[in-house]
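We number each residue from 1, following the sequence as shown. Predicted model, so just to flag it, every value in this text is computed and none were measured.
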Amino acid sequence: MSDALILGPADPAYAELARAVNRRFTGKPDEIHRVRDTDDVVDAVTRAVRTGRRVAVRGGGHCYEGFVAHPDVALLIDASGLNTVGWDPERAAFAVGAGATLGTVYKALLKNWGVTIPGGSCHSVGVGGHFTGGGYGVLSRRHGLTVDHLEAVEVVVVDADGTVRAVVASRDPHDPHHDLWWAHTGGGGGTFGVVTRFWLRSPQAVAEPALALPTPPAEVWLHAATWPWESLNRAGFDRLLVNFGDWHERHADVSDPYAGLASALLVPTRAAAGISLRTTMDATSPDAEGLLRAFVAEVGAGVGPAAPMTEQAGKVAALPEAAAPRKLKWAWANQLAAGSDLGLRAKYKSAFLRRGFTAAQRDAIWASLEYGHPDAQLQLDSFGGAINSVAADATAYPHRDSVLKVQWQVYWADPADDDRHLDWIRHAYRAVFADRGGVPVPGDQLDGCYVNYPDVDLSDPAWNASGTPWTELYFGLNHERLRQVKARWDPSDTFRHAQSVRLP
């Protein structure tokens, strides 16, 4: 008998658990199961299967689309109680509950063992969704994606006869469950089963806690600056985007002295303050401060003077005190870099770039920035380095030769403004990739989209006229193998949403 707490619509905690961080989406499940261990998950999924109810899982609640908070989801599993972080001597790896948040994991690993993972900057994101889509962060150019350190995963699956059971799948290619492990290294969440636990250890790492995962830099240099719109003309705008793209094309190798640098170029509409650059640099690298200053100078060459970053840009907090490079302990810098839960309605789109934006693409971006709403922007993030040292088929995550990750974002509060803001981001994105049918079709310059930034418009021919399906944009050549894993481990399609992997 399950010890899970089962909530219904009359319970005080129900409303918050049924609502996503993206306030556009609120679910109406019959039941919310607050699980505490794997057995509770098995019981909850069994209950869903036996009663013919659609099931979904909530961790941190950060799904960008309404996959979890969907009207068809009748039984919602709240995994936040699966949040332990500890060393498992039997597997010689760190065991992390799938309901833990990134902030919980960072704090536990660093405080107790002096190690970390190269995960994202928003500390309230649940690891269950973050890891299964790849898991990118500011240390990824040095240490790769989080899934590059995934040793094993525990998943509750449903067999063809309706039997619900927990399976552990590992990185060992001789493991009979190895394909299930592989699918969870970038195949996205909500497709194969319910993840209850991850085990993390770097490949070829010494099986001791203090050596099993990357050690974060003891200190980092932190810098932030803004080029105000009132002093930034079209030529300066072009120069910033070209400089940022060119620099990342030249410094995409893991052996580059800049492997310890991660930067975000934040390009909001002209209703905001200006274009901001926020950068961290491993202070333990040789001449780290000099390298950082050279990077900032190269990005700003020909643009004009920058000012302190005094306004938040999207989820990125203002940092006026870092207008001059500032050295901080890693733990402090990691906390300062933490993104925030905005509690707003939102829409996102993404693209991977193998090279910087073309002139035509910059024209389209410039035109889109006339929009009179300050909480709309593009965010260009450093990519490459160790991410690109892994073969595209070694994990389910396929984007292993890009140099930039780009995200379009728009935030608002009033539901009455939904159509207006959705119209802006859809048209802005489509215009940038107009010659590819409105989406970043993989080719010499582009490499598809990030599955952790799901976008249902990619499935809509009104917004994706490329003839390239959303599955290829997310998964590239790995999609067919993911379908075979789906057929083996979820033959009844119990775990599904609008962009889950389809059965063959």
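In terms of the ring-ring contact (aromatic ring centres under 6.0 Å, His included) criterion, residue partners of Tyr136 (sequence neighbours excluded) are, by chain and number, Phe383. Shown here are the side-chain contact (heavy atoms from CB on, under 4.5 Å) partners of Val157, two or more places apart in sequence or in another chain: Val155, Asp159, Arg165, Val167, Leu180, Trp489.
Of the N and O atoms on the side chains of Asp172 and Ser170, not one donor lies less than 3.5 Å from an acceptor on the other residue. No side-chain donor-acceptor contact under 3.5 Å links Ser263 and Arg141. Between the side chains of Gln499 and Ser459, at least one donor-acceptor pair of N or O atoms lies under 3.5 Å. Between the side chains of Gln407 and Ser350, no donor-acceptor pair is found at a separation under 3.5 Å. Side-chain N/O atoms of Arg400 and Thr395 include a donor and acceptor closer than 3.5 Å.
Looking only at distances, a side-chain donor or acceptor of His399 sits under 3.5 Å from a matching main-chain atom of Cys449. At least one donor-acceptor pair closer than 3.5 Å links the side chain of Asn452 to the backbone N or O of His130. Of the possible polar contacts, none joining the His33 side chain to the Ile6 backbone as a donor-acceptor pair under 3.5 Å is found. Put simply, the side chain of Ser402 never gets that close to the backbone of Leu404: no donor and acceptor are under 3.5 Å apart.
Using a 4.0 Å cut-off between charged side-chain N and carboxylate O, Asp455 and Lys347 make a salt bridge. Looking at Arg354 and Glu249, no side-chain N of the basic residue comes within less than 4.0 Å of a carboxylate O on the acidic one, giving no salt bridge. Ion pairing between Glu208 and Arg201 fails under the 4.0 Å rule for side-chain N and carboxylate O. We find that Asp490 and Arg496 are not joined by a salt bridge, their nearest charged nitrogen and carboxylate oxygen being 4.0 Å or further apart. Ion pairing between Asp457 and Arg426 holds under the 4.0 Å rule for side-chain N and carboxylate O.
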(request) Take Tyr474 and Tyr397 through the test ring pair (Phe, Tyr, Trp, His ring centres under 6.0 Å) and record every step on the way to the result. (result) CA-CA 8 Å; Tyr474 286 146; Tyr397 179 93; over 10 Å; no
(request) Go through the steps to decide whether Arg171 and Glu151 satisfy the test salt bridge (charged side-chain N to carboxylate O under 4.0 Å, His left out), and finish with yes or no. (result) CA-CA 5 Å; Arg171 180 163 52 197; Glu151 170 61 24; 2.6 Å; yes
(request) Any chance you could lay out the salt bridge (charged side-chain N to carboxylate O under 4.0 Å, His left out) test for Asp493 and Lys486, step after step, and finish with the verdict? (result) CA-CA 8 Å; Asp493 202 23; Lys486 173 74 169 179; 2.9 Å; yes
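Ring centers of Phe131 and His184: at least 6.0 Å apart, outside the cut-off. Here the two rings, on Trp424 and His421, have centers that are 6.0 Å apart or farther. Ring centroid separation for the pair His149 and Trp199 does not come in under the 6.0 Å cut-off. Here the two rings, on Trp247 and His251, have centers that are under 6.0 Å apart.
When side chains are defined from C-beta on, Phe198 does not count as touching Thr146, because their heavy atoms never get closer than 4.5 Å.
Between Phe475 and His479, the two ring planes are parallel [angle under 30°; tilted spans 30° to 60°].
Residue pairs meeting the ring-ring contact (aromatic ring centres under 6.0 Å, His included) criterion with at least one partner in residues 429-454, sequence neighbours excluded, are Tyr64-Tyr453, Phe352-Tyr450, Trp408-Tyr429, Trp408-Phe433, Tyr429-Phe433, Tyr450-Tyr453.
Atom NE2 of His62 sits about 8.5 Å away from atom OG1 of Thr101, to the nearest 0.5 Å.
Residue Leu477 places its CG atom among 12 or fewer non-hydrogen atoms of other residues, nucleotides or ligands, all under 6.0 Å distant.
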